[in-house]
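Written below as structure tokens is the structure these notes are about.
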Amino acid sequence: MNKIEKKLKLNILWHMHQPYYKDDESKNTTMPWVFLHAIKDYYDIPWYMKNFSSIKATFNLVPSLLHQIDGYINGDANDILLESLKKVSSELNPNDFDILNSYLFISNEKNMIKPLRRYNELFLKYKIEKSINNFSVYEICDAQVLFLLAWCGNYLRTNNEIVKTLLKKEQNYTHNEKIELIGTLINFLPTITEYYKSLESDGKITLSTTPFYHPIAPLLLDIKSAKDAKESADIPTIKNSFSNYADLNTTMAIEYFEKKFGKKPKGFWPAEGSVSQKTAELFAKNGVKWFCSDEEILFKTLHDTDKKNIYKNYKLNLTTHTIDIRFRDHYLSDAIGFEYSTYEPKKAAKEFVANLKKICDGCDFTPLVNVILDGENAWEFFEN
């Protein structure tokens, strides 16, 4: 009898999310991370993946992220950093200087600042002076443009003519060039959701989502569930129930996803992987077919830390529904997110594959390895 080669199934889920940065009283967006990661990461990751025909992945798109991207597209984001960047350098007020001092040189020094010669020169000056307050208006304008260029992902650097031209120029930028750059980056944003939609339609990727504002659903459903996670947890005395907010976040997410992509989501990555029996019931009754969580949840549920158990697919039988659960390989996911950026690239790839082979060899069944991590935060630590 011929020996049947055992295979391993690899499920990669990129969790694309940002908290809600809009202050609904002032109507201002107080932090720029939605915009900055939108021009650097949200398009680039599926764009890279498309170059490899045999690789598929799941992208978990959180409504609070997509809703905020829509705000930039519609012109009502009022991002305080972008508003300061739009001003002529000679007309900046003290508040503008505070904002620019907080962000202009926050980029990763090794992979984002140093590759741009002029940006690095200005960064070295900033390190000495601790602010841009004594920069000339020309230096401020250069720093602003180079900050934006540093956050442009490789797709924009390769395909956008304005970005390519300004990178080639290197310095001595004008205010009009800065405004043109901001405009072209805003105009790029609508392509992001459409790109995911087209890849999903082609069968290249699967899409999933999260309750709308990324809440810790088990705590909304029952504050006492904190004791299930950690028996020593100090729970505040709260008389009100917030379970309706958990339900609302779930239904709003499903409705928003369907409006964006023309179909309801089949899967959820709960915020922070936090789940409970009530959370599973909530998802299942709303038509969700599967959700993922972390391996530690399974270990605690089974009272068994045998790692092989996380490579199985589980079906949870609920009161009126069933729902599939998949568990995240904590080590492999965190290795990509936090460790492999310090490795030589081929060494990192070889170690990742070696770990998969070790898992496959150690299981007497077809293992399903779930690698789940943030799809935006790791990449500024990787070269190129």
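With Phe268 as the fixed residue, the ring-ring contact (aromatic ring centres under 6.0 Å, His included) test singles out one of Phe291, Phe283, Phe212: Phe283. Considering Asp334, Leu10, Asn11, Leu13 as possible partners of Val371, the one that fulfils the side-chain contact (heavy atoms from CB on, under 4.5 Å) test is Leu10.
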>> Run Glu121 and Arg117 through salt bridge (Lys or Arg N to Asp or Glu O under 4.0 Å) and show every step you take.
In response: CA-CA 6 Å; Glu121 286 177 1; Arg117 178 192 56 79; 2.8 Å; yes

> Passes side-chain hydrogen bond (donor to acceptor under 3.5 Å, both in side chains), Tyr343 versus Glu339? Steps please.
Replying inline: CA-CA 7 Å; Tyr343 286 32; Glu339 186 177 340; 2.5 Å; yes

>> Using side-chain hydrogen bond (donor to acceptor under 3.5 Å, both in side chains), reason through Tyr20 and Gln68 one step at a time and then give a plain yes or no.
In response: CA-CA 7 Å; Tyr20 189 66; Gln68 289 178 96; over 6 Å; no

> Stepwise, does the side-chain hydrogen bond (donor to acceptor under 3.5 Å, both in side chains) test hold for Asp23 with Asn28?
Replying inline: CA-CA 5 Å; Asp23 182 334; Asn28 292 328; over 6 Å; no

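Environment of CZ in Phe52: sparse, with no more than 12 heavy atoms of neighbouring residues, nucleotides or ligands closer than 6.0 Å.
In this structure, a donor-acceptor pair under 3.5 Å is absent between the side chains of Asp79 and Thr29. Defined by atom type and a distance below 3.5 Å, a donor-acceptor pair is present between the side-chain atoms of Tyr311 and Asp329.
Using cut-offs of 30° and 60° for the angle between ring planes, the Phe123 and Tyr126 rings count as parallel. Ring geometry, His15 versus His17: the interplanar angle falls under 30°, so the pair is classed parallel (tilted spans 30 to 60°).
Atom CD of Glu194 sits about 5.0 Å away from atom NZ of Lys197, to the nearest 0.5 Å.
A centroid separation of less than 6.0 Å is found between the aromatic rings of Phe105 and Tyr119. Proximity of the aromatic rings of Tyr42 and Trp14 is defined here by a centroid distance below 6.0 angstrom, and this criterion is not met.
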